[in-house]
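See structure below.
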Amino acid sequence: MTRTPLAPQDAPPLDAPTGIRRAVRDVPAYPFTPTDAAIKLDQNENPYDFPERLKALAVTRLMERPWNRYPDLHADELRRRIAALEDWDEHGVVVTPGSNVLIKLLTELAGIGQTVLTVNPTFSVYTLEAQLLGANLVQVALNDDFSLPVAGLLTELRTRPPGVLYITQPHAPTGHLDAQADVQTLLEAAHGWVVVLDEAYHQYSHSDFRSLVQAHPNALSLRTFSKAWSLAGVRAGYALAAPELAANIQKLVSAFTMNALTQAVLEVALEHPTYVHERVTEAVAERGRMLDALRDHPTCMALPSQANFFLLRTPDADAAYRHFLSRGIVVRRQDRLHLLAGCLRVAVGTPAENDAFLAAAADLR
């Protein structure tokens with residue numbers, strides 16, 4: 001998301017604390033306003049909670065641990081368990097409280113005083129952190145079919161001072177998945193850059209770019225427990241990288257940042273991962289069912305997606321948003337973004353929630 005600095009008349013009053021950096025004062029806050037609704041399809045969450053029996057196991061494990069002691073310095077036990085799950089060198093795993101934290105750290109690692117390169121539209125946290133940290137933000141418009149603008153990105157990679165390149169696969173907010181060959185082309189041109197392959201939704205597209213990361217020591221895969229794992233409320237994300245790159249990222253991670261509760265929950269989740277496959281399988285099937293049901297809609301168009309959400313292009317996004325809200329369903333407006341005129345973003349919910357959405361969509365004109 002491209003952000004425009006505040007106009008002078010919108011700037012903080014002159015008596016605002018002068019020690020605050022101008023970049024921080026000028027950047028708007030994260031663009032999200034919570035909305036109370038019975039059916040919540042606005043944040044790409046897993047509609048199912050962490051399984052009850054696993055919650056009980058995690059609580060028991062937490063109760064058995066001393067709360068007066070600091071946790072692992074760098075979440076070393078979690079790193080080992082994630083490495084085993086991902087078939088990765090444990091020295092190449094970095095764990096933080098959510099992948100958003102990793103995005104901030106990666107911008108600190110390679111963006112401050114350098115370049116943050118991404119596409120437009122893109123995940124808003126990339127651009128937010130670039131602006132907050134005073135990096136040179138460069139965005140290249142997606143192609144009209146939402147595919148990566150490979151030629152434009154290659155030009156920027158070859159002519160700009162290096163920094164960090166963010167590539168999301170599947171892409172957010174469009175749900176588009178690019179050909180691995182296109183991503184590889186960019187990696188091979190990104191000499192001196194840190195390349196972040198954000199794979200937050202990879203389970204829903206059955207895609208996996210780990211082999212590209214293994215072949216390019218300046219690249220990393222960014223993954224999360226917030227989506228397929230049903231653990232958005234716990235806050236945990238991780239990077240898979242070459243050990244040398246991971247060691248430099250780890251320098252920026254605060255000591256003892258993964259608390260005892262998060263560690264207990266993730267340990268239990270990693271010991272019982274089969275529920276993830278079951279939920280992903282349902283979400284993919286439900287996504288297909290919803291897209292099929294909307295195919296012949298008289299005024300709206302559901303756009304293809306490989307994530308756990310899709311875009312619905314409407315004649316009037318504001319009216320459509322209010323229509324769904326009147327039915328107790330909250331979705332996310334995306335119509336102010338480049339290429340996304342009229343678009344709402346809709347997360348895949350439970351079958352019952354999806355039925356309610358489709359019933360409301362049938363009445364939308």
Side-chain angles (χ1 to χ4, degrees), residues 1-35 42-43 94 96-142 149 152-153 155-168 171-173 190 192-196 198 200 218 220 222 224 235 237 239 245 248-255 257 332-340 345:
M1 178 184 292
T2 302
R3 297 179 178 278
T4 303
L6 293 174
Q9 64 268 25
D10 297 324
L14 294 178
D15 59 352
T18 56
I20 298 175
R21 291 188 299 113
R22 181 77 191 194
V24 176
R25 286 185 288 153
D26 284 357
V27 175
Y30 183 74
F32 177 74
T33 303
T35 302
D42 62 332
Q43 287 189 279
V94 181
T96 64
S99 56
N100 284 16
V101 173
L102 269 166
I103 292 168
K104 182 179 185 68
L105 299 182
L106 290 164
T107 306
E108 292 177 3
L109 178 80
I112 295 178
Q114 302 192 113
T115 305
V116 169
L117 176 60
T118 187
V119 296
N120 185 24
T122 194
F123 182 36
S124 60
V125 175
Y126 305 152
T127 58
L128 176 64
E129 293 298 345
Q131 291 177 294
L132 285 171
L133 295 170
N136 179 30
L137 174 63
V138 178
Q139 293 184 261
V140 180
L142 288 176
L153 289 170
T155 297
E156 299 297 342
L157 288 170
R158 291 165 177 162
T159 59
R160 295 271 180 183
V164 56
L165 167 64
Y166 287 107
I167 302 173
T168 311
H171 180 258
W193 292 74
V194 172
V195 182
V196 180
D198 190 338
N218 61 321
L220 62 93
L222 192 61
T224 182
R235 308 306 303 129
L245 178 55
N248 280 285
I249 299 169
Q250 193 69 61
K251 295 174 185 178
L252 298 168
V253 181
S254 299
T257 192
R332 189 78 173 266
R333 286 184 62 174
Q334 303 283 261
D335 53 302
R336 298 180 182 91
L337 303 183
H338 178 63
L339 296 178
L340 304 187
R345 195 188 68 202

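Model, not experiment: these values are computed from the prediction.
Between the side chain of Arg21 and the backbone N or O of Leu132 there is at least one donor-acceptor pair closer than 3.5 Å. In this structure, the side chain of Gln114 engages the main chain of Ala110 through a donor-acceptor pair within 3.5 Å. Thr115 contributes no side-chain N or O that, together with a main-chain N or O of Gly163, makes up a donor-acceptor pair within less than 3.5 Å. When atom types are taken as modelled, the side chain of Tyr166 and the backbone of Phe123 share no donor-acceptor pair closer than 3.5 angstrom. Judged by distance alone, the side chain of His171 and the main-chain N or O of Pro121 form a donor-acceptor pair under 3.5 Å.
Shortest non-hydrogen contact noted between Gly111 and Val116 is CA-CG2, 4.1 Å. Closest heavy-atom contact between Val195 and Ala190: CG2-CB, 3.5 Å. Across all non-hydrogen atoms, the minimal contact from Leu102 to Ala239 is CD1-N, 3.6 Å. Pairing each heavy atom of Asp42 with each of Arg345, the nearest pair is O-NH2, 2.8 Å. Nearest heavy atoms, Ala23 versus Gln131: CB-O, 3.3 Å. Residues Gly192 and Pro162 share a closest heavy-atom pair of O-CB, 3.3 Å.
The CG atom of Asn120 sits 8.5 Å away from the OG1 atom of Thr127 when rounded to the nearest 0.5 Å. To the nearest 0.5 angstrom, Asn218 atom CG is 8.0 Å from Leu245 atom CG. The CZ atom of Arg235 sits 6.5 Å away from the OG1 atom of Thr224 when rounded to the nearest 0.5 Å. Taking CG of Leu109 as the reference point, atom NZ of Lys104 lies at 13.5 Å (rounded to 0.5 Å). Taking CG of Asn248 as the start and CG of Leu106 as the end, the distance is 11.5 Å to the nearest 0.5 Å. To the nearest 0.5 Å, atoms CH2 (Trp193) and CG (Leu117) are separated by 5.0 Å.
Contact of the Val119 side chain with the Leu153 side chain is registered, since non-hydrogen atoms from C-beta on lie closer than 4.5 Å. Between Asp198 and Ser99, the closest side-chain pair of non-hydrogen atoms is not below 4.5 Å.
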- prompt: Step by step, would you call Ile249 with Leu220 a side chain to side chain contact (heavy atoms under 4.5 Å, CB included)?
  reply: CA-CA 11 Å; Ile249 299 169; Leu220 62 93; 3.8 Å; yes

